[in-house]
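Bear in mind that the values here come from a model prediction, so they are computed numbers and not experimental data. Each ligand, and each atom within it, is numbered from 1 in the order the structure gives.
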Amino acid sequence: MNVKDLFDLTGKISLVTGGAGKYGRCIAEGLAEAGATVIIASRNMDHVNNVAEEFHHRNLNVHALQVDQGVHASVISLKNNIITQFGRLDVFVNNAVSRPMKDYNAPIGDFAKSMETNATGMMDILREMIDLIEKSGGGSIINIASMMGMFGPDLSNYEGTNMGNPAPDYFFHNAGLINLTRYLARIYAGKNIRVNCISPGGLFNHQPERFLENYCKKVPLRRMANNDDIKGLIVLLASKAGEYINGENILMDGGLNA
Ligand SMILES: NC(=O)c1ccc[n+]([C@@H]2O[C@H](COP(=O)([O-])OP(=O)(O)OC[C@H]3O[C@@H](n4cnc5c(N)ncnc54)[C@H](O)[C@@H]3O)[C@@H](O)[C@H]2O)c1
């Protein structure tokens, strides 16, 4: 098969949770530019509708649906809406994240709130969407974790800023998601379902100047990730081009942890 055809996603129905967020928007754009029909789903319908409309103006096939992944009925309703409106699901990018815990000393209830969405809710939506993909004949699941699920925090990045220390729940649930990826790849063996994970480094988002200075000098590429960096990797894992990659976690950090 020609290599351009291997990367082509024409006709593939793809779901990106948190698709109106920072990385989610880049992921949705990459999938749609490769030809996929993309559903972006989030809690705030106005937000996803606006982003889908922006993409429509660029002739990209992006649709908005609602989900609160911390609420089982909402996950089931998303599944039913995908079946009714699109008939199938081929690609699921599990990208949504909530950040209710602000730092190490925050109330323990904030940790529990985080787990509701980022652990229990994530397991719920993964199981339901993989079920839909299985019923559609197979496909690709891409979990978005973080380099913070692989390494401890580098506190020197925050020196001279008022950003505080990073919250512990994020390190906990992202590490879990990386190994859940391997678990799911095994559980769905023989069902034409691949499960992979991307662990990105920080995305440039106009962070404070001092943070950018602290962070970028340690990255061999001397910069944070930009809006294009994740697109190729997503399309690789979603498409036939990545068909022999399974159960993998790919660190995308510009060499920061090399
Ligand atoms: N931004 C970064 O620098 C960075 C770095 C490494 C990894 N990541 C990973 O990228 C992914 C996206 O992060 P981001 O920074 O783009 O986040 P973001 O906050 O910009 O977007 C997250 C999205 O998830 C949605 N969401 C939150 N709770 C939800 C719920 N209960 N149900 C449905 N949707 C919900 C939000 O509405 C939002 O659209 C995460 O998995 C994160 O771990 C981000």
Side-chain angles (χ1 to χ4, degrees), residues 15-30 39-52 64-79 81 92-102 110 113-126 128-129 141-151 153-154 157 163 166-167 169-178 180-181 196-208 211-212 215-216 219 223-227 229-231 233-234 249-254 256-257:
L15 168 68
V16 184
T17 48
K22 294 185 282 295
Y23 260 126
R25 193 189 276 247
C26 309
I27 291 166
E29 182 175 70
I39 304 154
I40 54 174
S42 192
R43 284 168 307 182
N44 184 331
M45 205 51 203
D46 286 344
H47 199 192
V48 272
N49 268 331
N50 288 341
V51 173
L65 285 178
Q66 190 172 34
V67 71
D68 182 342
Q69 78 175 31
V71 177
H72 182 65
S74 174
V75 170
I76 296 300
S77 151
L78 172 68
K79 189 180 184 184
N81 284 334
F92 173 35
V93 185
N94 171 30
N95 167 76
V97 70
S98 67
R99 296 185 173 92
M101 191 171 198
K102 298 306 172 207
D110 292 356
K113 227 178 268 167
S114 170
M115 294 308 117
E116 244 172 57
T117 312
N118 298 318
T120 308
M122 180 166 288
M123 186 63 233
D124 189 24
I125 198 163
L126 266 167
E128 295 303 334
M129 294 309 140
I141 288 85
I142 306 165
N143 291 320
I144 307 299
S146 169
M147 68 176 181
M148 292 186 181
M150 299 175 67
F151 308 102
D154 180 350
N157 286 335
M163 294 169 82
D169 60 317
Y170 193 76
F171 288 73
F172 183 78
H173 65 74
N174 276 309
L177 182 58
I178 292 167
L180 186 66
T181 300
N196 289 293
C197 187
I198 299 175
S199 289
L203 178 66
F204 175 71
N205 185 38
H206 306 281
Q207 286 90 344
F211 172 85
L212 291 172
Y215 185 97
C216 293
V219 183
R223 65 171 178 84
M224 301 198 74
N226 67 33
N227 288 352
D229 284 326
I230 202 166
K231 287 162 63 176
L233 195 46
I234 286 286
N249 173 45
I250 300 176
L251 175 63
M252 190 201 78
D253 68 348
L256 176 61
N257 295 287

I'd like to know whether ligand 1 has Asp68 as a neighbour, heavy-atom separation below 4.0 Å. yes
For ligand 1, which atoms have a heavy atom of Gly201 less than 4.0 angstrom away? 5 (C), 6 (C)
Note: Arg99, heavy atoms under 4.0 Å from ligand 1, region reported as side chain
Using the side chain to side chain donor-acceptor pair (under 3.5 Å) rule, collect all pairs that involve residues 65-76, keeping only residues at least two apart or in two chains. His72-Asp124
Atoms in ligand 1 with a heavy atom of Tyr170 nearer than 4.0 Å: 6 (C), 7 (C), 8 (N), 9 (C), 42 (C), 43 (O), 44 (C)
For a 4.5 angstrom cut-off between non-hydrogen side-chain atoms, does Val93 reach Ile144? yes
Closest protein heavy atom (residue, atom, distance) for atom 21 (O) of ligand 1: Gly21 CA, 3.6 Å
Check: Gly202 main-chain N/O paired with Tyr215 side-chain donor or acceptor under 3.5 Å: yes
Do Leu251 and Met147 come within less than 4.5 Å of each other through their side chains, counting heavy atoms only? yes
Close-contact set for ligand 1 against Ala145 heavy atoms, below 4.0 Å: 7 (C), 8 (N), 9 (C), 42 (C), 43 (O)
Is the closest side-chain donor-acceptor distance between Ser146 and Asn174 under 3.5 Å? no
Among all protein heavy atoms in this structure, tell me which lies nearest to atom 23 (C) of ligand 1, with the distance rounded to 0.1 Å. Gly18 CA, 3.5 Å
Tell me which protein heavy atom sits closest to atom 29 (C) of ligand 1, plus the residue, atom name and distance to 0.1 Å. Arg43 NE, 3.5 Å
Any nitrogen or oxygen of Gly202, side chain or backbone, less than 3.5 Å from one on ligand 1? no
Among all protein heavy atoms in this structure, tell me which lies nearest to atom 20 (O) of ligand 1, with the distance rounded to 0.1 Å. Lys22 N, 2.9 Å
N/O donor-acceptor pair under 3.5 Å between Asp229 side chain and Asn226 backbone: yes
Identify, by atom number and element, the atoms of ligand 1 in contact range of Ser146, meaning under 4.0 Å from any of its heavy atoms. 6 (C), 7 (C)
Just let me know how Ser199 lines up against ligand 1, side chain, backbone, both or neither, with a heavy-atom cut-off below 4.0 Å. neither
So is Gly149 touching ligand 1 or not, going by heavy atoms under 4.0 Å? no
Please indicate whether Phe172 has more than 12 foreign heavy atoms, meaning atoms of other residues, nucleotides or ligands, lying under 6.0 Å from its CZ. no
Is there a donor-acceptor contact under 3.5 Å from the side chain of Asn95 to the main chain of Gly18? yes
Give me the nearest non-hydrogen protein atom to atom 41 (O) of ligand 1 as residue plus atom name, then the distance to 0.1 Å. Ile144 O, 3.0 Å
So which protein heavy atom does atom 32 (N) of ligand 1 come closest to, and at what separation? Gln69 N, 2.9 Å
Note: heavy atom closest to atom 13 (O) of ligand 1, options Val97, Asn118, Val75, belongs to Val97
Would you check if Lys102 and Asp110 make a side-chain contact, meaning some heavy-atom pair closer than 4.5 Å? no
Closest candidate by heavy atom, reference atom 33 (C) of ligand 1, pool Thr17, Ile27, Val67: Val67
Return the residue, atom name and 0.1 Å-rounded distance of the protein heavy atom closest to atom 11 (C) of ligand 1. Asn95 OD1, 3.1 Å
Partners of Phe204 by ring pair (Phe, Tyr, Trp, His ring centres under 6.0 Å), sequence neighbours excluded? His206
Among Pro100, Ala96, Gly70, the residue with a heavy atom nearest to atom 34 (N) of ligand 1 is Ala96
Counting distance only, does the side-chain N/O of Thr17 pair as donor-acceptor with the main-chain N or O of Ala96 below 3.5 Å? yes
Which heavy atom of the protein is the closest neighbour of atom 25 (C) of ligand 1, given with residue, atom name and distance? Ser42 OG, 3.7 Å
Below 4.5 Å, heavy atoms only, C-beta onward: do Ile125 and Leu78 meet side chain to side chain? yes
